[in-house]
Amino acid sequence: MELTRKLIRTENDFNQMIEETKDSIKIAFDTENGSELALNPKYAKPVGFSISVDGKRGYYIPINHLDIKTNFHLRFKELLVNKKLIIFWNAIYDAGITSAHYNEDLYKYKWFDCMIAQHLIDAFQSKGLKYNTKRYFRIHQQEFKWKDMLDTNAADVYQYACDDAIYTFKHYLRLKEEIKKQHMENLILNIEGEFLKVLTHMKLQGIKFNVDECKQLEQRLIKDKINIVNEILNVTPEITYIQDLLGGKKPNINLDSNKDLVKLLYDKLNLPVKKQTASGAPAADSEAFELMKDNFNEWLHPICPLLIKYKEVQKLLSAYTKSLYEKVVDGRIYGDLLDHGTESGRLSAREPNLQQLPKNDTYKIRHLFKASEGYKMYVSDFSQEELRLAGHITKCKAFLKAFNNEEDLHLRVASESYNLNIPEECLIGTHPQYNSYKDKYYKERFYAKSINFGLLYGRTAHGLAPQLNCSVEEAQAIVNNYFYSNPEIKQAMENSKREVQVKGYVENIYGRKRRFNKAEKNGRRFYPKECFRQAFNHKIQGGCADMLRIIMVEIYKYVREQPKDEIRIITTVHDEIMFEIKDNINLQKHREMIDKIMTETIKLDIKLSTDGKLGNNYGECK
DNA sequence: ACGCATGGCGCC
DNA sequence: AAAGGGCGCCATGCGT
């Protein structure tokens with residue numbers, strides 16, 4: 001089938017294109033943009049866009065090329081008459097562009113993001129358009145590479161740009177069939193399609209960051225690091241020179257090199273190997289240093305606590321100072337939230353990863369992330385979301401009872417597992433005797449808590465033993481007891497294992513799948529053990545991820561009903577959602593509404609519960 | 001110069 | 001033989 005590609009040069013061309021496309025209800029859409037910040041939809045400069053309504057004909061509409069300059073983006077909405085479905089390859093970017101520059105935010109249409117559909121079907125393969133065109137259509141889609149699209153001629157670009165829209169449409173035709181076959185229509189259209197609108201909104205907001213405070217913190221960290229290094233030198237005459245910090249002699253050790261640290265600890269200082277890495281080599285991490293104590297709890301060498309301090313400071317310095325403030329544009333950081341970054345269905349984050357900001361009380365990194373002028377920051381998180389979903393999925397009676405009576409789950413499980421006979425009413429946090437029981441059975445509660453969390457990850461007695469500070473046999477007895485008292489949990493885990501063995505995948509309550517590959521050994525093919533841990537975890541972790549999507553979609557509906565910029569959704573970290581809310585009379589009302597949506601949108605056998613915190617910066621919202 | 005693996009570590 | 005799920009980023013060290 002021959003493809004046609006048209007460059008829209010004149011108003012007449014545009015009018016004709018409208019005639020040729022107006023009867024279609026679906027349109028694939030791709031944008032071309034320039035500037036040094038081309039990857040940030042808010043700061044990118046539109047250069048042109050392409051559309052296709054059938055996967056055969058492509059149109060390229062130039063806006064700002066060397067040879068053609070137009071205002072055609074302002075006529076974009078004319079192409080959307082009659083349209084029901086917008087088809088993207090990476091909606092966050094292209095919809096972000098239209099929202100920021102085309103005066104058209106596409107919210108009222110249904111979205112189908114082929115990249116996300118591809119991910120739902122096959123999380124293992126690359127998600128690039130060109131890669132998938134080659135893979136599925138055996139066609140090498142040529143790429144137009146130029147350092148800045150602003151410096152190009154439309155005549156040189158339009159054929160490549162048309163192909164992006166044409167092939168996006170072709171992928172849609174393929175993907176929608178596969179999605180249907182796998183019963184994921186609701187997931188891709190109503191959950192992902194709507195959630196991508198929220199992600200687009202968040203990408204455009206960014207988050208305010210105080211560069212000056214960050215640089216001050218950086219100086220403080222550098223000073224502290226130098227002090228630590230000097231102390232290390234004082235207590236370790238074996239070291240004569242530390243890379244980068246003290247001049248003079250031949251390099252003796254680089255504290256950032258684990259190879260060097262291993263040599264120092266185990267060869268020069270002859271400390272015992274108490275921990276190994278995954279590959280069996282002696283470990284030189286903070287946990288290994290922490291173990292360097294004798295029977296009287298005295299350090300085997302004074303360098304050990306200093307190295308722990310060093311690693312903490314060095315980590316903050318290398319990952320959370322310069323690398324944050326150098327990403328600031330106009331006072332804000334615009335990180336990426338990826339909807340296709342994980343196998344479990346969670347979101348991943350990058351450049352920077354705002355999901356891993358340290359909660360350090362000494363060096364307050366989170367305090368650098370501010371609410372905008374005139375706004376408060378509001379962070380609301382779910383309490384024990386995963387355990388609640390685990391209870392819903394397994395129908396475990398202890399979980400259902402505990403959460404629905406607002407009891408302390410860990411204490412209930414402890415009471416049942418160890419026959420403590422704690423009266424039911426005393427399991428409730430507000431009961432006068434609750435605290436005395438909690439103190440009295442501290443150990444049993446701790447065991448129960450360790451297992452409650454461990455079970456989500458498929459932890460075994462071997463892994464549990466060190467945490468409970470007991471033998472493997474004792475840990476095994478505790479686990480057995482737990483499963484005996486809570487047979488529904490054991491059953492649910494066995495069910496998910498069986499699901500893997502029969503179907504090769506598991507799915508969560510919204511139909512999101514996780515697939516598993518067999519390993520091969522001695523000609524036998526089998527699912528490695530970790531598959532079964534991952535399978536059960538997928539239902540919990542991936543289920544919570546989709547719950548979050550659904551809930552954020554509802555919150556965004558509410559946000560859009562308010563005056564513009566009254567509430568901004570800033571970001572999310574798995575079980576928490578961050579907002580900026582205008583600091584006015586309505587703030588409290590919005591807060592309450594957000595929490596109401598978070599707890600009431602999804603009806604499980606177990607109620608959801610949130611904990612919201614207001615502040616002027618992220619650090620204060622704890 | 002760049003890509004990749006490893007060890008390590010920040011978060012949920 | 002190892003022994004908990006999901007991420008991204010850092011520095012090093014080795015390969016091309």
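Atom set for the values below is all heavy atoms of this structure, side chains included, hydrogens, waters and symmetry mates excluded. Lettering follows sequence order; numbering is per chain, from 1.
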(message) What is the separation between atom OH on A:Y320 and atom P on C:dC9, rounded to the nearest whole Å?
(response) 10 Å
Please report, to 0.1 Å, the donor-acceptor pairs under 3.5 Å made by any side chain of residues 454-463 of chain A, with sequence neighbours excluded.
from: A:R459; atom 1: NH1; to: A:Q467; atom 2: OE1; distance (Å): 2.2
from: A:R459; atom 1: NH2; to: A:G463; atom 2: O; distance (Å): 3.3
from: A:T460; atom 1: OG1; to: A:H462; atom 2: N; distance (Å): 3.4

(request) Would you name the heavy atoms of A:F526 and A:K521 that are closest together and state the gap between them? (result) CE2-CB, 3.8 Å
(request) List in chain and number order the residues that pass ring pair (Phe, Tyr, Trp, His ring centres under 6.0 Å) with A:F536, two or more places apart in sequence or in another chain; answer none if no residue qualifies. (result) none
(request) Write down the distance separating the C1' atoms in C:dG4 and B:dC4, rounded off to the nearest Å. (result) 27 Å
(message) For the C1' atoms, the ones on C:dA1 and on B:dG8, what distance do you get once it is rounded to whole angstrom?
(response) 23 Å
(message) Can you tell me if A:K315 touches the phosphate of C:dC9, counting only side-chain N or O atoms and a distance under 4.0 Å to OP1 or OP2?
(response) no
(message) If I take atom CZ in residue A:R512 and atom P in nucleotide C:dG5, what distance separates them, rounded to the nearest angstrom?
(response) 20 Å
(message) For DNA chain C, which residues of residues 532-553 of chain A approach it to below 4.0 angstrom with any heavy atom?
(response) A:R533, A:Q534, A:N537, A:Q541
(request) Please state how far atom CG in A:D336 lies from atom P in C:dC7, giving the value in whole angstrom units. (result) 17 Å
(request) Just jot down the ring pair (Phe, Tyr, Trp, His ring centres under 6.0 Å) partners of A:H201, sequence neighbours excluded, or say none. (result) A:Y556
(request) May I ask you to decide if the ring planes of A:H410 and A:F453 are parallel, tilted or perpendicular, using 30° and 60° as cut-offs? (result) tilted
(message) With a 4.0 Å cutoff (strictly under), does any side-chain N or O of A:N254 reach OP1 or OP2 of C:dA11?
(response) no
(request) For the residue pair A:F446 and A:Y442, categorise the inter-ring angle as parallel (less than 30°), tilted (30 to 60°) or perpendicular (more than 60°). (result) parallel
(request) Name the first nucleotide and the last nucleotide along DNA chain B (5' to 3') that come under 4.0 Å of a heavy atom in chain A. (result) B:dG7 to B:dC12
(request) List in numerical order all residues of residues 266-290 of chain A for which some heavy atom is under 4.0 Å away from an atom belonging to DNA chain B. (result) A:T277, A:S279, A:A283, A:A284, A:D285, A:S286
(message) I need the residues from residues 460-485 of chain A with at least one non-hydrogen atom less than 4.0 Å from DNA chain C; give them sorted by number, or say none.
(response) A:T460, A:H462, A:G463
(message) Please list, in numerical order, the residues of residues 339-363 of chain A that have a heavy atom closer than 4.0 Å to any atom of DNA chain B.
(response) A:R346, A:Q355, A:Q356, A:L357, A:P358, A:K359
(message) In whole Å, I'd like the distance from the CG atom of A:N508 to the P atom of C:dG5.
(response) 19 Å
(request) Heavy atoms only: give me the nearest A:S286-A:K311 pair and the separation to one decimal. (result) OG-CB, 3.8 Å
(request) Nearest-nucleotide wise, let me know which of A:H574 and A:K259 is further upstream toward the 5' end of DNA chain C. (result) A:H574
Table please: side-chain donor-acceptor pairs of residues 605-612 of chain A below 3.5 Å, with sequence neighbours left out.
from: A:D605; atom 1: OD2; to: A:K395; atom 2: NZ; distance (Å): 2.4
from: A:S609; atom 1: OG; to: A:S383; atom 2: OG; distance (Å): 2.9
from: A:T610; atom 1: OG1; to: A:D595; atom 2: OD2; distance (Å): 2.5

(request) Using a strict cut-off of less than 4.0 Å between a Lys/Arg side-chain nitrogen and an Asp/Glu carboxylate oxygen, indicate whether A:D122 and A:R515 qualify as a salt bridge. (result) no
(message) Assuming nearest nucleotide by heavy-atom distance, tell me which of A:G454 and A:S257 is located more 5' along DNA chain C.
(response) A:G454
(request) Scan A:K529 against the nucleic acid and name what it touches under 4.0 Å (heavy atoms): base, sugar-phosphate only, or nothing. (result) base
(message) Does anything in residues 272-283 of chain A form a side-chain hydrogen bond (donor to acceptor under 3.5 Å, both in side chains)? List the pairs, not counting sequence neighbours.
(response) A:K275-A:D285, A:K275-A:E287, A:T277-A:S279
(message) Ignoring hydrogens, what is the shortest heavy-atom contact between A:Y334 and A:L204? Give both atom names and the distance.
(response) CE2-O, 3.5 Å
(message) Are the side chains of A:R512 and A:L187 in contact, using a 4.5 Å heavy-atom criterion?
(response) yes
(request) May I have the distance from A:R459 (atom CZ) to C:dA2 (atom P), rounded to whole angstrom? (result) 17 Å
(message) Among residues at least two apart in sequence or on other chains, which ones pass ring pair (Phe, Tyr, Trp, His ring centres under 6.0 Å) with A:F209?
(response) A:F369
(message) Taking the cut-offs as 6.0 angstrom to the six-membered ring centre and 45 degrees off its axis, would you call A:K497 and A:F532 a cation-pi pair?
(response) yes
(request) Compare every heavy atom of A:Q355 with every heavy atom of A:T572, then report the nearest pair and how far apart it is. (result) O-NE2, 4.1 Å
(request) In whole angstrom, give the distance that lies between atom CG of A:L255 and atom C1' of C:dT12. (result) 13 Å
(message) Check whether A:Y618 forms a cation-pi arrangement with A:R366 (NZ or CZ under 6.0 Å from the six-membered ring centre, at most 45° off the ring normal).
(response) yes
(message) Tell me every residue that passes ring pair (Phe, Tyr, Trp, His ring centres under 6.0 Å) with A:H538, counting only those two or more places apart in sequence or in another chain.
(response) none
(request) Write down the distance between CG (A:L324) and C1' (C:dC10), rounded to a whole number of angstrom. (result) 13 Å
